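Below is one structure, written out as structure tokens, with a few remarks after it.
All values derive from a computational prediction rather than experimental measurement. Each chain gets a letter, A, B and so on, in the order its sequence line appears, and its residues count up from 1.
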There are 2 protein chains.
Amino acid sequence: MQTAGSTAAPESPTRPPGFATGRVLRPSTKVLPEHARGHNRSLVLQTLYRAGQQSRADLARSTGLTRVTISDLVAELMAEGLLVETGQRAIIRPGKPATLLDIDRGAFQILGIDLSEHTIFRGAVLDLDGRILSRSEIPLAGSTGADATAKVIALAETLRGMATAPILGMGVGSPGVVDLGGVVLAAPNLGWSGEELQATLSARLSMPVVVANDANVAVLAEHSFGDADSDLMLVKVGHGVGAGLLLGGTPLFGSRFAAGEIGHVVVGTDGGTQCACGKVGCLETWLATPRLEAAIAAAATSADPDTILREAGQRLGIALSPVVGALNLAEVVLSGPANLLDGPLLEATIETIRDRTMAEFHGNLVLRMTTLGEDIVLRGSAVMVLSGQLGVS
Amino acid sequence: MQTAGSTAAPESPTRPPGFATGRVLRPSTKVLPEHARGHNRSLVLQTLYRAGQQSRADLARSTGLTRVTISDLVAELMAEGLLVETGQRAIIRPGKPATLLDIDRGAFQILGIDLSEHTIFRGAVLDLDGRILSRSEIPLAGSTGADATAKVIALAETLRGMATAPILGMGVGSPGVVDLGGVVLAAPNLGWSGEELQATLSARLSMPVVVANDANVAVLAEHSFGDADSDLMLVKVGHGVGAGLLLGGTPLFGSRFAAGEIGHVVVGTDGGTQCACGKVGCLETWLATPRLEAAIAAAATSADPDTILREAGQRLGIALSPVVGALNLAEVVLSGPANLLDGPLLEATIETIRDRTMAEFHGNLVLRMTTLGEDIVLRGSAVMVLSGQLGVS
DNA sequence: TTAGTTCGTAAGGTTTACTAACAAACATGC
DNA sequence: GCATGTTTGTTAGTAAACCTTACGAACTAA
């Protein structure tokens, strides 16, 4: 019992132990040295993936590991066919010239599938940089349940046949609620509930498969390829309305894997249209593309279509304001038909959010269309595979 | 170039490397074996902290580490004075009797300070279990800026003098926007902007200090001591309205460290009262305690106070619905004066949220008062110190 | 030609956690 | 009472991962 007034915890608990530094986290599983190895392995891949060609010495400098350790990791990765030496650095400077390394970007390919469209399943073969090399698609033709699953399998097998290099894995973006094991808990349009899509596909194709919600997949693409921030919300407008959230670089799944399901949140306090879900004034009744198109067509003679689009944008803004405020988001991205979203709707949304939140906290709030167009889910599928198989994104 | 149709990534990249398994994350820093050691060290502390007395063999079983490694870690922790042997297990069974270990819960104490009340700074000395051992407070008396800082220092020094064991560190919950380094970026009521409170206190008191936003601190307390879920929103109602978010067990800070600042989000689409911030119908105009009390007092003769409370609850529900929907929250906790919050207000809030969101996704949504009462920030301060210094929470 | 720089590798040491084996201390059954 | 079996915690030795130190190779610059 030392007397008070002394200067705190004297000799012993000097520094916070490694992982706990600064961060508030809860260690839950043991960590062995080999796990650290796996982490550093991914760190090397990640560095090369983003910065491109680098020498071993460059990698050592940018990762903080020693040249010796880097050499060892690089040798391991080269033996696996993931890295290649690409010749010597051209820049002339004193010292032994550096041997450049890069990920062997042609060594593997990735399959991506997008199940989020209403009438068609789309798929693609992508390279490790997320570029689309070839495409395939299969009409849904009203299939549900096992028939829909069969069409996914057929599409996947077609894509496998189109690949021209070993396949690293397959990513699938599905509508509905998907758990962390790739089980589609609920996707009404496809008639799935408890559909073990990831397990089925993985077994059938004998390759690593990742299945996730389409909007969650899309937000990964926007983060990796659309140079977005690490705090990001992507709102996907189509037949329904859904969102994907990336917070601090980590996707949010929610307590029941239904994070981002904002389509059936009621907007405003002044009524609205009856929704299929039973409530009145859900976000989807204002914003889903069929409704928007119908409203514009109906009003073609009387009202200005811009008025309808602006109203929809305001409703989206009303719904997003509490989310933007609570999460202190810096960036919100819209994905969907540009002819509807990109214009009065988007402008009205950002004006509404600015009017309804505290400007100081996110004066720089950016609301914009995705830069990835209609391939956002396909490219996000590649991100999932890269992340899961190589620890790269 | 192997022909398509083959079964994917053949020999080499068999398994996803350790840390990246399943999770989508981005390795950013190197990890050395000693970091793994730190993690396992915290794991042992964590296990003992939560489960109480255990033998080395018990720890080995529950952590997955071997008895040898556990013995080594325990020896290290005992040398630091964090663990003690507490005798032999009483239960009679075959084999050598187990020597029980526990965290030496009297070996260190923690200081906690709550700056969130309007007229007073409150502080306490707590034990490692977060129990309050003694208290002190200092009236704010309208102090702002450097005067307010001086009062925090004075209170901290008083608390240090009250401690009866070495001090592990100090936690401070401050109103306003606080960054990860404990700099109070903006706290209008206290006249602080860019106030380096954590650095100042740490230097002045020569002990580890953590400063964070009061609502973020409170949510940690609710998680650790109020047996809450790992997806949790805590709404703190007082002179203002703020929230703390815990998502997947991790606190959310936001892109500008202003996560949870929902007090100035406009609620509803039917006007409201003018707010000090310039907007009309901010959540605070409906819910802040001075406003609520005034409204009830003014209506004392004419209307039913319950009507006013129900209306406030509905407004809170309207504001929270999009957040609950977007984050798929399972649990929302209110903190503040129970005479106002716990009753018609709380009931109206949950009814409103249920009416405005999709029931299937969070049918079990729980909305309740905190179980920690007015000491929630003080106890949360202890959680921060435990987490930062020992990796325990 | 000499000096200095940079790159990549080799050799050896430290830390970490593992497996294997064992002594201590107990309950149980004959 | 004594052998048997169980559980605990430690000792000894091994493997993995990273480090430091040192060195040869290959280049520029003076």
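Scanning for side-chain hydrogen bond (donor to acceptor under 3.5 Å, both in side chains) contacts around A/Thr69 gives A/Thr66, with sequence neighbours left out. Judged as a salt bridge (charged side-chain N to carboxylate O under 4.0 Å, His left out), and not counting sequence neighbours, A/Asp104 has no contacts. Scored by the side-chain contact (heavy atoms from CB on, under 4.5 Å) test, B/Thr47 finds B/Leu43, B/Gln54, B/Leu59, B/Ser62, B/Thr63 as partners (sequence neighbours excluded). Considering only residues two or more places apart in sequence or on other chains, B/Arg105 meets the salt bridge (charged side-chain N to carboxylate O under 4.0 Å, His left out) condition with B/Asp102, B/Asp129. Residues forming a salt bridge (charged side-chain N to carboxylate O under 4.0 Å, His left out) with B/Asp127 (at least two apart in sequence, or on another chain): B/Arg131. A/Asp229 pairs by the side-chain contact (heavy atoms from CB on, under 4.5 Å) definition with A/Ala330, A/Glu331, not counting sequence neighbours. Evaluation of the side-chain contact (heavy atoms from CB on, under 4.5 Å) rule for A/Val210 yields A/Gln198, A/Met384 as partners, not counting sequence neighbours.
Map A/Lys30 and A/Ser71 each onto its nearest nucleotide of DNA chain C; the residue landing nearer the 5' end is A/Ser71.
Protein atom CE of A/Met78 is 13 Å distant from nucleotide atom C1' of C/dG8, rounded to whole Å. Rounded to whole Å, atom P of C/dG8 lies 8 Å from atom CZ of A/Arg67.
Taking a heavy-atom distance under 4.0 Å as the criterion, the stretch of DNA chain D touched by chain B extends 5' to 3' from D/dG5 to D/dC19.
Between B/Arg379 and B/Glu222 there is no salt bridge, since no side-chain nitrogen of the basic residue lies less than 4.0 Å from a carboxylate oxygen of the acidic one. Classification of A/Asp72 and A/Arg37 as a salt-bridged pair holds, one side-chain N sitting under 4.0 Å from a carboxylate O. Of the charged side-chain nitrogens involved, none lies within less than 4.0 Å of a carboxylate oxygen, so that A/Glu34 and A/Arg41 do not count as a salt-bridged pair.
Panel note: side chain A/Ser202, backbone A/Met207; a donor-acceptor pair is recorded below 3.5 Å. Looking at A/Glu196, its side chain never comes within 3.5 Å of a backbone N or O of A/Gly182 through a donor-acceptor pair.
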**Fill in**
Going 5' to 3' through nucleotides 25-30 of chain C and flagging B where a protein heavy-atom sits under 4.0 Å of the base, S where only the sugar-phosphate is that close, and - otherwise, we get BBS---
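In this structure, A/Thr99 does not reach the C/dC7 phosphate: none of its side-chain N or O atoms is under 4.0 Å from OP1 or OP2.
The side chain to side chain donor-acceptor pair (under 3.5 Å) pairs that include a residue from residues 82-94 of chain B are B/Gln53-B/Thr86, B/Arg56-B/Glu85, B/Asp58-B/Arg89, where partners are two or more places apart or lie in different chains.
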Every protein N/O lying under 3.5 Å from an N/O of nucleotides 15-17 of chain C:
unit_1, atom_1, unit_2, atom_2, d
C/dA17, OP1, B/Asn40, ND2, 2.7
C/dA17, OP2, B/Arg37, NH1, 2.4

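Within residues 52-62 of chain B, no residue has any heavy atom under 4.0 Å from DNA chain C.
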